[in-house]
Structure formats: C-alpha cells, structure tokens
Amino acid sequence: SILKPIFYGSLLAATAAVGYGVYGLYKEQHPAPLPVETQSNKKKLVILGTGWASITLLKSIDTSLYDITVISPRDHFLFTPLLPSAPVSTVAVESIKEDVSTLIRQGSGKVTFLQKEALDVDPQNKKVIVEGDKAVDYDILVFSVGAQPNTFGIPGVYENALFMKEANDAVILKAKLKENLQKATELPAGSKERKDLLSMIVVGGGPTGVETAAELQDYISEEVAKWNPELAADCQIHLVEGLGNILGMFDQKMYTLAQDHLKKNGVALKLNAMAQKVVGNTITVKDSKTQELVDMNFGILIWATGNGTRPVTANLMNRLPETQNNRRGLLINQKLELLGAEGSIYALGDCTFHKGLVPTAQVAHQEGEYLAKVLETRHIIDNTDNEAVKASLSKTIKDFEYFNQGALCYIGAESAINDIKMSKKIQFKLGGSFLSFKVWQGAYLAMAVTWRTRFLIACDWIKVHIVGRQ
Ligand code: FAD
Ligand code: NAI
C-alpha cells in the first residue's frame, strides 16, 4: 500500500536528519586546531557585541582573513526567541545560551575575545574605548551592540519592574515567581493580600510581552494547578497594552485570534491602557479612551515596551552630530555603513534605525551574513594592486536587501500565530492550532545557531511532556 513507502521514506529522512545533527554536533565540539600565527599584517576587524548580528557575521566570514577582536560584556550568545520560555523552565536557560569561546573556535582563523563593555568610539582616530579606560585600535569596526529595554522615562520602572532581555532576566523572574508562590501558600486562600502577591502584570503587548504572559499562564494552568489548584485560582496574569490591540506586526485576523486565545486561557487583557507610573507594588495605567487613571497592584511586574538606545550608541551619535541625528538608532546606508564613517564603521541590528528594517533577529542575522560577504570581497580589494580588479570587485558589492520571512509568536497552551513567507510566492498563515505550535517549534529549532543548543532545546521540550516543568 501507499503507507509503506511513506513510512520507510520518513524513517530514512529522520535517520538522515539525526545523522546530520550528530555530525554537526561532533564538528562543533571538535574544531580543527588553529595554525600558529606569527606577526600579523592583516587588517584589524573589531566587532562589538555577541548577539545575533555579530555571531552570524563571525559564523559566516572566513576568520583567517582579518585580525579579529570581539568585544562584549556578555560571554555568550543568547537565543532570544526562546527567552520567554526560560523563567518557567519550558526550556532551561543554559539550553539557549552558547559560549562565545565555542563560537569563536569554529572558523579557520584566530579570534580574540575581550569580555568588556565598549564605552565610546572615536571614529576619527579609529579607536574603541572600553571599560578600564583602554583603547582598542581598528581598521574596520562592526558596531552591533543591540538595544536596551525602553522605559520611556516612566517613573518607578527601573526600581520595581523586571525585564525580559538577557538570560539573567529569566533567572531573576524564575526566582521571584517561586518566592511569591511560596510566600502565597502561607496566606489565606482568596485573600486580597494573597491575590495581590499572585498578580503578575506584563506591560507591553508586543511579541516579548505576549510570549512572556503566555508562558506564565501555561505554568499556572499546567503546573501550579496540578499541585495546588487553590493557589492557581488566586494567580492572575495581566497583559497591559497602550494601543487598541496587541501584536501590531500581525494582521487583524491574527492578532484577534491571539487576543481571544489569551483571554480564553485566563490572561486578563487590558487594552488602550497606557502605563503612567509605578510606585512600590502599584502601577497606574491611563485608559486612553476615558482618560481614567486606574491603580493595579502586583507581586511581579514585567516591563516589555520595546527597544531603547544604549549609552555607547548615544555616545557614537554625539561624535557624529551632522549625520547621526535620529535618536531612535544609528543611521546607515544601503551597504550598512555608518553615515559619517563610511568605509570604516558598519552598524548592524537593533542599534540601527533604517526604513523598512525592524529590530528583529531575522534582520540582524541577514545583515551579519551580508556583511561577511562584503568583508571577504573587501579583503581581496585591499590586497590587490590591480586597479581594474579593485574596480570590478567593488561593483560586485551590492546593496543589502532584506527578505522578510514573516513573524511567529507563541500565544500559550501549545498554540502560536505564524505568518510565514518562504518566498515571494509561497506564503501562508497558521494560527491557533496544535499544528501552528509544531510549525513554531520547528522554525525555532531550525533557527538555533548551534547543534548543541538545538539538541538541548529539543530535549527540554520532550522533558516538559514527560515530567512537566519545575
Ligand atoms: P543583540 O542580539 O541584543 O546583541 C547585542 C550584543 O551587544 C550583546 O552581546 C550585548 O551584550 C552586546 N553589548 C551591549 N552593550 C555593549 C557594549 N557597550 N559594548 C560591547 N557590546 C555590547 N527576533 C526575531 O526575529 N524573532 C524572535 O522570535 C524574537 N524573539 C525575541 C524574544 C525576546 C524576549 C527578545 C528580547 C527579542 C526577540 N527578538 C526576536 C528580537 C531579537 O532578539 C533582536 O532583534 C536581536 O537580538 C538583535 O540582534 P543584535 O545583534 O542587534 O543585538
Ligand atoms: P515592541 O516594540 O514590539 O512592543 C512594545 C509594545 O508596548 C507596543 O505594543 C507598545 O504599544 C506597548 N507600549 C509602549 N509603551 C507602553 C506603555 N507605557 N504602556 C502600555 N503599553 C506600552 O517590543 P517587544 O515586544 O519588546 O519587541 C521588540 C522587537 O523584538 C520587535 O521588533 C519585535 O518584533 C522583536 N521580537 C520579535 C519576536 C517574535 O518574532 N516572536 C519576539 C520578541 C521580540
């Protein structure tokens, strides 16, 4: 029958996929030894950051062509798409981190890593000023320091809210969640004091806020409700959004589906509610229709209202006041060169502001891949005396073109909304079903930057099905 070839075909494909994965994992863990380098006359390529843009660039470029130094306060790459899953242990924090030391060993050239924060850049003298007042020289600088959470100057946020941006944010939220659940068991069931402690407010209905609220709700419904239903009954997740709907990057049908799904699963949605201030354990929100001010008490407040500019990025803007006059991000040209420092500084990812490019991993990843090709071509141009070759190679450096592959968002209870664009012709939308969840999982497994993280994430997901979350 027809089932037989399908069965054997699937078995063969699964075996090939596992074999490929094991081979990838082995290669990652056993990199070839690097050649011993004597005096280097290569150009100094300094890369700031160890996020999506920088790590994609490092993984894509022939690292033997440049004398590469990576500078970042963070010694790991963070797989941000699954960060909201980490506070409730749907995945372990360690499964979505990859050590920079592993990543810089994958290429054929030596890469130096400096675990330091860059404080400023001097584009005139081609120096990066790092913590401890040290200066690092560069010939070419790749500025990809990402963004920081934006609080819009709302008072009380830094003092009282948690964020969802770095691996440690997940660790802090997890500890706070456990602490509050424990404290609540000592309070009378149904009491105001206990309900306030178990009130968890997420501010910002972008994908970070939605996924965080969805994961918290999963934890309450699927884990807490199992071992202490009374406690779960006193828990309430609130999602506060200033606009009339959440997830503005999706179409109306998809965000309506997400809103209905979240509400059905127990998340209290508060739309048209602009957060105004936070004092202690109370947040004040303003109804943008009635202008009414409402106080909401919380045990946990998570702030997810989007991206802001890092101080080092603002410093670089101040160095180039004539060209860098947009506070939302660094201005770049079509070849990702920083306006005002073309030829010596490239800026990628969330620290930039460019029409048509949204601050996503997808954009940062494609920019990293593009720049690797540009820098490889530049290496040949810089190392030839033949003017004709120089001119013809320069022409091959095309403008960066972004291909939007769509957007995905987890909405809880094994469901997602996916707006997928595989090519200009092949596009589809999928939302609210178990299949949408599996497609979401598959897409993120494919996106993981190493086989090690891919393997650990897959194991974590299986573990949740068998033994639940801790
Ligand atoms: P980052 O990845 O943030 O990396 C910046 C790097 O610079 C970090 O290593 C940082 O430590 C370093 N750095 C910071 N300051 C300095 C300094 N002073 N000197 C040197 N280095 C510095 N996008 C998607 O496309 N799909 C998703 O599903 C998705 N999910 C997300 C989920 C969450 C919770 C979050 C927060 C974001 C998500 N994003 C997603 C967005 C995506 O993570 C960002 O767009 C992406 O990380 C941008 O890459 P980047 O390299 O510009 O910055
Ligand atoms: P965002 O900018 O996408 O969303 C922030 C939300 O907060 C907006 O809806 C805004 O209206 C709201 N807001 C702002 N101020 C407010 C206030 N005072 N009170 C109430 N609401 C307020 O930010 P987010 O979600 O952090 O995403 C940042 C970037 O990362 C985006 O480009 C996003 O696409 C990307 N990302 C993508 C994900 C995915 O594809 N699944 C997941 C997470 C982030």
Side-chain angles (χ1 to χ4, degrees), residues 46-57 70-86 100 114-121 128 130-131 142-154 157 163-166 169-170 202-212 239-250 270-277 283 285-286 288 303-307 310-313 315 329 347-352 357-368 404-410 416-419 440 443-444 447:
V46 174
I47 302 173
L48 300 188
T50 44
W52 274 100
S54 337
I55 293 303
T56 307
L57 167 64
V70 178
I71 304 174
S72 175
R74 205 170 78 186
D75 66 354
H76 58 270
F77 166 82
L78 177 66
F79 187 66
T80 46
L82 294 182
L83 182 62
S85 306
V100 173
L114 256 187
Q115 191 175 1
K116 291 208 181 291
E117 189 179 341
L119 303 177
D120 201 357
V121 174
V128 178
V130 299
E131 292 172 78
V142 178
F143 193 93
S144 40
V145 302
Q148 65 184 25
N150 202 347
T151 66
F152 298 99
I154 294 172
V157 178
F163 297 92
M164 192 45 59
K165 183 81 183 154
E166 299 293 338
D169 293 331
V202 181
V203 182
T208 303
V210 169
E211 292 187 333
T212 306
L239 182 59
V240 172
E241 165 57 47
L243 301 177
N245 61 273
I246 59 169
L247 298 174
M249 81 270 261
F250 287 92
K270 209 165 171 54
L271 301 176
N272 296 304
M274 268 293 175
Q276 302 287 304
K277 63 171 179 182
I283 179 170
V285 299
K286 187 182 193 175
S288 41
W303 205 263
T305 61
N307 291 345
R310 288 195 189 277
V312 63
T313 309
N315 289 344
L348 327 181
D350 282 8
C351 59
T352 62
L357 299 181
V358 272
T360 61
Q362 218 188 118
V363 169
H365 175 82
Q366 290 183 30
E367 288 181 336
N404 183 354
Q405 294 167 313
L408 315 172
C409 184
Y410 181 62
I417 52 171
N418 308 322
D419 180 355
W440 177 86
Y444 282 133
M447 214 174 144

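All values below come from the heavy atoms of this structure, side chains included, with hydrogens, waters and symmetry mates left out. One-based numbering, in listed order, for ligands and for the atoms of each. In this chain, numbering begins with 1 at the start of the sequence shown.
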Does Glu166 reach the main-chain N or O of Met164 with its side chain, forming a donor-acceptor pair under 3.5 Å? no

Determine the minimum heavy-atom distance between Glu241 and Gly206, stating which atoms define it. OE1-N, 4.2 Å

For Ala407 and Met249, work out which heavy atoms get closest and say how close. CB-CG, 4.3 Å

Main-chain N/O of Gly204 paired with Thr305 side-chain donor or acceptor, under 3.5 Å: no

In ligand 1, which numbered atoms sit nearer than 4.0 Å to a non-hydrogen atom of Asp350? 44 (C), 45 (O), 46 (C), 48 (C), 52 (O)

For a quick test of reading the model, state the closest non-hydrogen atom pair linking Leu239 to Gly205 and the distance between them. CD1-CA, 4.3 Å

Distance-minimising heavy-atom pair for Val210 and Tyr410: CG1-O, 3.9 Å

Do Thr151 side-chain atoms and Val157 backbone N/O form a donor-acceptor pair below 3.5 Å? no

Look at atom 36 (C) of ligand 1 and say which protein heavy atom is nearest, naming residue and atom and giving the distance to 0.1 Å. Met164 O, 3.4 Å

Going by the closest heavy atom to atom 30 (O) of ligand 2, which one wins out of Ala407, Pro359, Cys409? Pro359

Which of the numbered atoms in ligand 1 are below 4.0 angstrom from a heavy atom of Ile71? 20 (C), 21 (N)

Give the atoms of ligand 1, by number and element, whose distance to some non-hydrogen atom of Ser144 is under 4.0 Å. 5 (C), 6 (C), 7 (O)

Just need the protein heavy atom nearest to atom 30 (N) of ligand 1, so name the residue and atom and give the distance. Pro81 CA, 3.4 Å

Which residue holds the protein heavy atom closest to atom 20 (C) of ligand 2, what is that atom called, and what is the gap in Å? Gly242 N, 3.3 Å

Heavy atom to atom 14 (C) of ligand 2, shortest distance: which of Leu239, Ile283, Thr305 holds it? Thr305

So which protein heavy atom does atom 28 (C) of ligand 2 come closest to, and at what separation? Asn307 OD1, 4.1 Å

For atom 8 (C) of ligand 2, which of Gln362, Glu241, Met249 has the closest heavy atom? Glu241

State, to 0.1 Å, how close Arg74 and Thr50 come at their nearest heavy-atom pair, and which atoms those are. O-OG1, 2.9 Å

Run the contact test for Tyr444 against ligand 1 with a 4.0 Å cut-off on heavy atoms, strictly below, and give the result. yes

In sequence, state the C-alpha distance, the side-chain angles, and the governing distance for Trp303 and Ile283, and then conclude on side chain to side chain contact (heavy atoms under 4.5 Å, CB included). CA-CA 11 Å; Trp303 205 263; Ile283 179 170; 3.9 Å; yes

Gly206 heavy atoms within 4.0 Å reach ligand 2 at atoms 3 (O), 4 (O), 6 (C), 9 (O), 25 (O)

Specify the protein heavy atom at minimum distance from atom 24 (C) of ligand 1: its residue, its atom name, and the distance to 0.1 Å. Ala361 N, 3.4 Å

Of all the non-hydrogen atoms in the protein, which one sits nearest to atom 43 (O) of ligand 1, and at what distance? Thr80 OG1, 2.6 Å

In the protein, what heavy atom is nearest to atom 51 (O) of ligand 1, and what distance, to one decimal place, separates them? Ala53 N, 2.9 Å

Do any N/O atoms on Met274 end up under 3.5 angstrom from N/O atoms on ligand 2? no

At a 4.0 Å threshold, what atoms of ligand 2 neighbour a non-hydrogen atom of Leu243? 11 (O)

Thr208, any N or O under 3.5 Å of ligand 1 N or O: no

Of the non-hydrogen atoms in Leu271 and Gly244, which two are nearest, and what is the gap between them? CD1-O, 3.2 Å

Pull out every atom of ligand 1 sitting under 4.0 Å from any heavy atom of Gln362, numbered as shown with elements. 25 (O)

Check ligand 2 against Ala304 and write out every atom of the ligand that is under 4.0 Å from a heavy-atom position of the residue. 5 (C), 7 (O)

Give me the nearest non-hydrogen protein atom to atom 15 (N) of ligand 1 as residue plus atom name, then the distance to 0.1 Å. Arg310 CD, 3.4 Å

Ala118 heavy atoms, cut-off 4.0 Å: which ligand 1 atoms fall inside? 17 (C), 18 (N), 19 (N), 20 (C)

Residues Gln362, Met447; criterion side chain to side chain contact (heavy atoms under 4.5 Å, CB included); working and verdict: CA-CA 9 Å; Gln362 218 188 118; Met447 214 174 144; 5.6 Å; no

Would you say NZ of Lys165 has more than 12 non-hydrogen atoms from neighbouring residues, nucleotides or ligands within 6.0 angstrom? yes

Considering only heavy atoms of Thr360, which atoms of ligand 1 have at least one such atom less than 4.0 Å away? 23 (N), 24 (C), 25 (O), 44 (C), 45 (O)

What part of Phe163, side chain, backbone, both or neither, has a heavy atom within less than 4.0 angstrom of ligand 2? neither

Contacting atoms of ligand 1, where contact means under 4.0 angstrom from a heavy atom of Gly349: 52 (O)

Is the backbone N or O of Asn307 less than 3.5 Å from a side-chain atom of Asn150, with the two atoms forming a donor-acceptor pair by type? yes

Output the list of atoms in ligand 2 that are nearer than 4.0 Å to some heavy atom of Ala273, sorted by atom number. 19 (N), 20 (C)

What is the nearest protein non-hydrogen atom to atom 22 (C) of ligand 1, stated with its residue, atom name and distance? Pro73 CD, 3.3 Å

Keeping Ser54 on the side-chain end and Gly49 on the backbone end, is there a donor-acceptor pair under 3.5 Å? yes

Indicate, as side chain, backbone, both or neither, the part of Phe152 found under 4.0 angstrom from ligand 2 when only non-hydrogen atoms are considered. side chain

Glu117 backbone acceptor or donor facing Glu131 side chain under 3.5 Å: yes

Side chain or backbone of Pro81 under 4.0 Å from ligand 2, or both, or neither, by non-hydrogen atoms? neither

Which residue and atom name correspond to the protein heavy atom nearest atom 46 (C) of ligand 1, and how close is it? Trp52 CD1, 3.5 Å

Under 4.0 Å from a heavy atom of Ile154: give me the atoms of ligand 2 that qualify, with their elements. 18 (N)

Look at atom 7 (O) of ligand 2 and find which of Gly204, Ala147, Gly306 reaches it with the closest heavy atom. Gly204

Looking only at non-hydrogen atoms, the one of Gly248, Ala443, Pro207 nearest atom 37 (C) of ligand 2 is Pro207

Do any nitrogen or oxygen atoms of Thr208 lie less than 3.5 angstrom from nitrogen or oxygen atoms of ligand 2? yes

For Arg310 and Cys351, indicate whether the former's side chain and the latter's backbone hold a donor-acceptor pair under 3.5 Å. no

Within ligand 1, which atoms have a heavy atom of Val312 less than 4.0 Å away? 18 (N)

Given that the side chain starts at C-beta and the backbone is N, CA, C, O, which of these parts of Glu211 lies under 4.0 Å from ligand 1, counting heavy atoms, or is it both or neither? neither

Examine distances only and state if a side-chain atom of Glu367 and a backbone atom of Leu348 form a donor-acceptor pair shorter than 3.5 Å. no

Output the list of atoms in ligand 2 that are nearer than 4.0 Å to some heavy atom of Leu408, sorted by atom number. 39 (C), 40 (O), 41 (N)

If we number the atoms of ligand 2 from 1 as shown, the ones under 4.0 Å from a heavy atom of Val203 are 19 (N), 20 (C)

Could you work out, for atom 13 (N) of ligand 1, the closest of Asp120, Leu119, Ile47, Val145 by heavy-atom distance? Val145

Provide the number and element of each atom of ligand 2 under 4.0 Å from a heavy atom of Ala275. 17 (C), 18 (N), 19 (N), 20 (C)

Measure up the Phe77 and Trp52 rings against each other and bin them: parallel (under 30°), tilted (30 to 60°), perpendicular (over 60°). perpendicular

